[in-house]
Amino acid sequence: MKKFKHINARTLDEAVSLLGTYKRKMEIIAGGTDLLGVLKSEILPTYPEAIINIKTIPKLDYIREEDGALKIGALTTLSEIAESSLVKDKYTALAEAAGRVASPHIRWMGTIGGNICQGIRCWYYRYPHHLGGKLICRRKGGSMCYAAVGDNRYHSIFGAVSGCIAVNPSDTAPALVALDAKVKTSKRTINAEEFFTVNGPKTTVLDDDEIVTEIQVPVPDAGTESAFIKFALRESIDFPIINCAAAITCAGGTVKAAKICLNAVYNNPYRATVAEEAIVGKSIDETNAEAAGSAAISGAKATQNNKDKVQIAKTLVKRVTLLISNSF
Amino acid sequence: MTKFVCPYCSAAFTNFDALKAHVIAEHGEARTPAPEGLLEFTLNGERRELKVEPQWTLAYVLRDRLELTGTKVACDGGACGACTVLVDGKPTLSCMTLAIEMEGKDIITIEGLSDGTTLHPIQEAWLEEHGLQCGFCAPGMIMTTKALLDKNPNPTEEDVSEALSGNICRCGNYGHIVKSVLVAAEKMRRR
Amino acid sequence: MGKEYSVIGKPVPLIDGIEKVTGDAKFYGDIMLPGMLHCKILRSPYPQADILSIDTSEAEALPGVELVLTYKNCPIAFWKDLHYAGDLVASVIAVDEGIAQEACDLIKVEYNPKPFVLDIVEAMKPDAPRVFPDRPNVVPGWAGGAPWLPHPWFYYSEKDPVTGLWTKREFCDFQGFGDVEKGFSEADVIVEDDELNYAYTRVHVMEPRGCVAWFKNNKLTVWSHSQGLYRDKETIANAFGLPSNGVNFISPCTGGSFGGKLGNWVKGGVFGGTGVGLIPIFATLKLHKPVKLVLTREEEMLCGWSRGSWSKGKLGFKKNGTLTTMEIEHWVEVGPDRCSHTLGTCHRSTGCMLYAHNCEHVKIKAGAVFTNRFECQGWKGYGNPEATFLVETLMDEAAYVLGMDPVELRRKNHFRKGDPLADSPMYSDVPVNAQISSCGLEECLDQGSKTVGWKQKWEHPGGKMGLIREGLGMGLMVHGAGPVTGASFSSAEVRVSSDAHVVFVTAAADFGHGQHTAQSQIVAEVLGIPYENVRIVCHDTDSTPYAPHFHGSSGTWQQGWGTYEAALDAKRQLLELAAPKLGVKPEELDIRDAKIYVKASPGKCITFAKAFLVEHGCNMIIGSAGTWPPDYRYVPREQAAQFVDLEVDTETGEIKVLKHVCAHYVGQAINPKIVEGQLHHIGGVEAARWCQCIADPQTGRLLTYNFENYPVATIHCRIEPIIVESPGGDPSHPFGAVACGEGGAVPTTAAFGNAIYNALGIRLKSTPFTPDKILKALGKI
């Protein structure tokens, strides 16, 4: 890696003020498993002057339930979340999602804050500089989305955002959207869905000087169950080809409320509201689940190379719905 | 009146003991920052001090600076586990870790597992069950196994597969590797 | 079974195991030398281009930079014409990797990008852009088609009517024998298929390639990975015009090679290869300082591609399933390398070998096709997996047409011991009338099918309707198991001390296949001493006698005679010393448990120390040998059958493997644990399920540049190994061993494809069998 300055932030305020000082010439490091890949491959047009380590900020590592919500510190590792019996019991989709991220090592090292802020995995975007030069794609300020005209088998099935067809690769993001979570930052608290809803070449709405500090998940209403399914080629290491999380509230065999979210299908986690509408007020059976699956992909705009993702997305929505109905 | 100011959050106290109590309570993990670039940590049970550059990975420092070349770098991207070492007991990808962030950490590498005369039970099992072929993945596999068995002394075959699912062996020796872990677990339980 | 052995056939631990489990073992990348310099490579942004100008002055001026190499000053490693995105443009040698990398960015290059071709079928079209302007993309595999091809093709034209063995072969534009037109006209059933495509896949090494080189005191020392220390040393000496004793090649450990690291010291040779190893050597010869190059994983991913075939075939059968006729056309992608050598094995899966028993007419036309897809290098299977994919798919199709169980169809047609060989066009010194020395295919079929539950579970796919459908498939394979050329000349030295401990000196490379262990077992067995009494010296060429470069999973066979004869030589000397002391002739003696005893009365024995006590005093016995295998008329062949039981999810196209068995004939297993390890091989599974070369159609850049985009097999991918032995093993090896290892790679894609057909009734003709292809075949997308 090329040289950079490394600063251990001792407090949140210090980190925020450093971010202000260095403007965009600084990167935050927590688990480091995403950032170091970016730096080693020199994929971006600019290289940071400084890396600010937030792992040295105390007390950002916790899982607790208080004030009607599950609160998870941003530095909590993914394995801690996956193994927490509290999360597993009541916030199942989140525990399962955290437990399916990459590999055990990455889950020991990677944090929930990092997982929701991670960059995209588009193979053009990540093309290593030392293999003939980085690709300055649309997302990096170039004129062309290489994926749009190239091999886009793993890219968006719901069209481009600002000309880029990359997808959000986070496993935990759809779980947080389905569970109606909030993301607390150094300056505000944002609904998870809104947190990920960006139009530009970013994966979150965070400002340059803003740091995620906490994830808050409201205690689910009585009769709520949630689940997460990931589809990838391998059982470990892989980023999702598609994943899907859902939280469904039932009473007397009827769905009262549902939140279903797909990811790795679009620039943002993709909330399948049409699918939700398709099952609310109904019982969950094979037919209704199938209908929800079909509804979820209405409006899909697959490319020549990724029609399979549409079929898989449809199946995942159906299966996650049926999976939840089995846990009631 | 002399003020005792917290170096981390600028809170002021009237006496040193109050400041100390505050630091322990509020900034428990924070330590006095080392002089610029001088890193202090425990490596295989020994205290080490070393000047590092910020961009150096832990794998680089172990191999190229400390000549502990048992730790291997194969993918240099966090996708193969060959560079696994234990940091405070957790299996850590040393190629995806900045050495400068290892201040105060307790690091164990493959070289720290045996004392030069007696093999660790995991190493014994690896030898007996042919847990290795070319041997390039073995240090990472063995360190990941150590972390698993320290936490779960009685793993099932599925537990083993899950724990080692981030470690790649390109010889494909996975059948022998799983057996080696199970035999190692048995050896460790017997001791 | 065969003879009673005390060390052979025992699962002793690896002789270098302790070093490897403690982290003490030194791979080339672990070599750190004082004042060592580091290399970084500037690579081509274009898949096809000429360098118009190159300015290295700024890079050279950067503090810490010692040397910049380009085609101008180092034509041995760099060319002005570039043929893949990532091809070598220049290299910077500097005091550390960071500076070298920074300097690479300061090199100014002006390119003339040219049209390129990334697809084998496209490349074969007459108007396709040429990879090399001076020659067509299509290279016929036969004599005269390509002067740089090393192997002429043969037509076996005459047979001895009594023995049935071939007696004459002639140069021809195809490989084979008989008259296929006659064969098809007389056939009851004809099966044909085309457009079978085995994806371009990559060798799976853990350790990235590279080397450390140091020219000092007029002597070049090179530390690197190796499959044959002497071959590498000689190639380097030749390349740089150094005397053979002016180079010491050191290779204590190799982090996997599988054939893929063979071509490191040549650029554009017939065996393929990157030539990257030439860079640090060239630099140290100039600078006289140690120079290190270790490729990054991404660079490593540019190297070692092969397969990428496009093929069609036609089989003719009698009603009872007898395979009489076979015609095949087969093209393999060789990237921009002249690695057409792999074609030499494409006929193994045909009537020339695998189905030699009944097949009377065979015609194979095969050739290589250049594309701009990365560095090509033959590896595990070496041309055979792609041809076997074709033949074993056709055999499966035939079984359904004939209404036969696929296993029974194989049983009827596979070769038997003593069948003639008609598969060795590469090696002109194979006697025309060579025979196959042993056959274990029947047992492979028996044990493999039993383990997978074939008889109980296999059924026609017609009635399978569920969401999840189970299918069984299998594939058979044969591969070379003992190359009959200079590559099987081997030598060794065995130093015996009076305490019955031995130092075994050999240049035999061990690149993960346990060869140091297996050969040490042979030494211990011959000398009648415990395995623990053997130490091995093996790490460089200066201190060891010649060993061939191992390939085709044949190391045990290739080195076997040299080791055996050297140990036997030591034993002979020892018994001669002992004989007078026991009052008998040497031939009346033998050794067991480190004691020399009289065979007729085993109680009468002495220790080695006693035998060593002679008038002049004997301190050491040195046994040595340099030898070829004694008899080439009997040629061993590697044989295996794979069985797959899997489920297909018809909604997602996902495959779940329920059981995957590899039953492999090995003659006699020298070390069953090592053999099992060889059968665990995952290259075939990856190729069947996930792995393929993906290049960007617009820029020609490699998109599968890491273990994320090229999803290598994890621990969840497991193969059940079955070792099949025969009484006494194979007669061509001193302890009956046959090569083993390729069987894990060769028939896998066919077995998976056949199992998918058995589950769905749909034939997938292009690997890997990814969810998108399955969903498409099912009509879901």
Side-chain angles (χ1 to χ4, degrees), chain A residues 1-3 37 40-43 47 102-104 121-124 126-135 137 144-154 169 229 231-239 241-242 286 290 293 302 304-316 318-319, chain C residues 40-47 82 84-87 89 97-98 101-102 104-105 296-299 301-302 467 649-654 689-691 694-709 711-717 768 770-776 778 780-781:
Chain A
M1 274 179 287
K2 281 193 195 165
K3 284 182 193 265
K40 284 181 184 187
S41 296
E42 294 181 36
I43 63 171
Y47 195 82
S103 67
R121 306 303 303 184
C122 168
W123 47 19
Y124 295 95
R126 295 251 170 190
Y127 189 84
H129 179 59
H130 67 278
L131 292 195
K134 59 182 71 103
L135 297 173
C137 66
M144 188 169 82
C145 173
Y146 288 87
V149 294
D151 195 313
N152 45 36
R153 69 186 70 195
Y154 300 130
I229 305 184
F231 187 89
L233 291 179
R234 296 178 294 177
E235 289 159 81
S236 66
I237 302 176
D238 284 347
F239 285 88
I241 289 176
I242 301 186
E286 185 78 24
E290 180 92 37
Q304 278 304 311
N305 298 318
N306 66 15
K307 292 193 168 64
D308 58 315
K309 284 185 66 164
V310 179
Q311 165 67 20
I312 293 163
K314 179 175 124 181
T315 307
L316 293 198
K318 170 183 147 184
R319 288 188 182 173
Chain C
K40 280 285 171 189
I41 299 171
L42 177 69
R43 292 177 176 274
S44 171
Y46 303 107
L82 307 167
Y84 65 90
D87 206 345
V89 173
E97 286 193 13
Q101 185 63 57
E102 209 181 321
C104 281
D105 287 341
T296 64
R297 174 55 52 186
E298 291 86 356
E299 289 178 293
M301 294 304 284
L302 293 170
L467 192 73
D649 184 329
T650 57
E651 279 187 326
T652 62
E654 207 173 13
R689 298 192 59 185
W690 311 299
C691 287
I694 304 175
D696 176 42
Q698 308 293 326
T699 61
R701 303 284 185 99
L702 177 68
L703 297 177
T704 45
Y705 48 74
N706 56 23
F707 284 169
E708 181 188 320
N709 300 348
V712 299
T714 70
I715 200 162
H716 295 292
C717 180
T770 43
D772 58 316
K773 287 181 189 160
I774 290 173
L775 290 174
K776 198 165 179 191
L778 284 165
K780 295 275 168 89
I781 57 172

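Lettering of chains follows the sequences in order, A, B, ..., and the numbering in each one begins at 1. Everything quoted here is computed from the prediction, not taken from an experiment.
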Asker: So, for Tyr154(A) and Trp123(A), is the gap between ring centers shorter than 6.0 Å?
Answerer: yes
Asker: Is Ile694(C) in contact with chain A via its backbone, its side chain, both, or neither, using a 4.5 Å heavy-atom distance?
Answerer: side chain
Asker: Under 4.5 Å heavy-atom distance to chain A, tell me which part of Glu298(C) shows up: side chain, backbone, both or neither.
Answerer: both
Asker: Partners of Lys318(A) by salt bridge (charged side-chain N to carboxylate O under 4.0 Å, His left out), sequence neighbours excluded?
Answerer: Glu286(A), Glu290(A), Glu651(C)
Asker: Regarding Thr296(C) and His130(A), do their side chains bring together a donor and an acceptor under 3.5 Å, going by distance alone?
Answerer: yes
Asker: Report the option among Val310(A), Val149(A), Asp238(A), Leu135(A) that has the most heavy-atom pairs separated by less than 4.5 Å from atoms of chain C.
Answerer: Val149(A)
Asker: Checking Thr652(C) against chain A: side chain, backbone, both or neither under 4.5 Å from a heavy atom?
Answerer: both
Asker: Please determine, among Lys40(A), Glu42(A), Arg153(A), the option with the most heavy-atom pairs under 4.5 Å with chain C.
Answerer: Arg153(A)
Asker: Starting at SG of Cys137(A), measure out to CE of Met144(A) and round the result to the nearest 0.5 Å.
Answerer: 9.5 Å
Asker: Quick one: what part of Arg319(A) sits under 4.5 Å from any heavy atom of chain C, side chain, backbone, both or neither?
Answerer: side chain
Asker: Would you indicate whether the side-chain heavy atoms of Cys691(C) and Pro711(C) approach each other to under 4.5 Å?
Answerer: yes
Asker: Considering only heavy atoms, which portion of Ile241(A) lies under 4.5 Å from any heavy atom of chain C: side chain, backbone, both, or neither?
Answerer: neither
Asker: Flag the one option from Thr699(C), Leu702(C), Leu42(C), Ile774(C) with the top tally of heavy-atom pairs under 4.5 Å to chain A.
Answerer: Leu702(C)
Asker: Measure distances from Gln101(C) to the heavy atoms of chain A and classify the residue's part below 4.5 Å as side chain, backbone, both or neither.
Answerer: side chain
Asker: In terms of heavy-atom proximity below 4.5 Å to chain A, should Asp649(C) be classed as side chain, backbone, both, or neither?
Answerer: side chain
Asker: Need one label for Val89(C): side chain, backbone, both or neither, based on atoms under 4.5 Å from any heavy atom in chain A.
Answerer: neither
Asker: Under a 4.5 Å heavy-atom cut-off, does chain A meet the side chain of Asp105(C), its backbone, both or neither?
Answerer: side chain
Asker: I'd like to know if the side chain of Trp690(C) reaches the main chain of Leu233(A), judged simply by a donor and an acceptor atom lying under 3.5 Å from each other, with no hydrogens or angles considered.
Answerer: yes
Asker: Under a 4.5 Å heavy-atom cut-off, does chain C meet the side chain of Ser103(A), its backbone, both or neither?
Answerer: neither
Asker: Quick one: does Arg689(C)'s side chain have a donor or acceptor within less than 3.5 Å of a partner on Pro768(C)'s backbone?
Answerer: no
Asker: Hey, mind stepping through Arg297(C) and Tyr705(C) against side-chain contact (heavy atoms from CB on, under 4.5 Å) and telling me if it holds?
Answerer: CA-CA 8 Å; Arg297(C) 174 55 52 186; Tyr705(C) 48 74; over 6 Å; no
Asker: Within the structure provided, determine whether Lys134(A) and Ser41(A) are in side-chain contact (heavy-atom separation under 4.5 Å).
Answerer: no
Asker: Taking side chain as everything from C-beta outward and backbone as N, CA, C, O, which of these in Leu302(C) sits under 4.5 Å from a heavy atom of chain A? Side chain, backbone, both or neither.
Answerer: side chain
Asker: As an exercise: rank Gln311(A), Arg234(A), Arg121(A), Lys307(A) by heavy-atom pairs under 4.5 Å with chain C and give me the winner.
Answerer: Arg234(A)
Asker: Give me the ring orientation class for Tyr124(A) and Tyr146(A): parallel if the planes are under 30° apart, tilted from 30 to 60°, perpendicular past 60°.
Answerer: parallel
Asker: Of the backbone (N, CA, C, O) and the side chain (C-beta and beyond), which part of Asp151(A) lies under 4.5 Å from a heavy atom of chain C, both, or neither?
Answerer: both
Asker: Does the side chain of Tyr127(A) come within less than 4.5 Å of Ile43(A)'s, by heavy atoms?
Answerer: no
Asker: When only pairs under 4.5 Å are counted, which of Lys309(A), His129(A), Lys314(A) shares the most heavy-atom pairs with chain C?
Answerer: His129(A)
Asker: So which of Ile715(C), Asp696(C), Asn706(C), Ile41(C) has the largest heavy-atom pair count under 4.5 angstrom toward chain A?
Answerer: Asp696(C)
Asker: Please classify the contact between Ala232(A) and chain C as side chain, backbone, both or neither, with a heavy-atom cut-off of under 4.5 Å.
Answerer: backbone
Asker: Using side-chain heavy atoms (C-beta onward) and a distance below 4.5 Å, is Thr650(C) in contact with Lys780(C)?
Answerer: yes
Asker: Which bit of Ile237(A) is near chain C, if near means a heavy-atom gap under 4.5 Å: side chain, backbone, both or neither?
Answerer: side chain
Asker: Can you list everything that forms a salt bridge (charged side-chain N to carboxylate O under 4.0 Å, His left out) with Arg43(C)? Sequence neighbours excluded, please.
Answerer: Glu299(C)
Asker: Could you have a look at Ile312(A), Asp308(A), Asn306(A) and say which one has the most heavy-atom pairs with chain C under 4.5 angstrom?
Answerer: Asp308(A)
Asker: Is Leu778(C) in contact with chain A via its backbone, its side chain, both, or neither, using a 4.5 Å heavy-atom distance?
Answerer: neither
Asker: So what's closer than 4.5 Å to chain A heavy atoms on Phe707(C): side chain, backbone, both or neither?
Answerer: backbone
Asker: Can you tell which of Gln698(C), Lys40(C), Glu97(C), Met301(C) has the highest number of heavy-atom pairs within less than 4.5 Å of chain A?
Answerer: Gln698(C)
Asker: Does Glu102(C) pair with Lys2(A) as a salt bridge, N-O distance under 4.0 Å?
Answerer: no
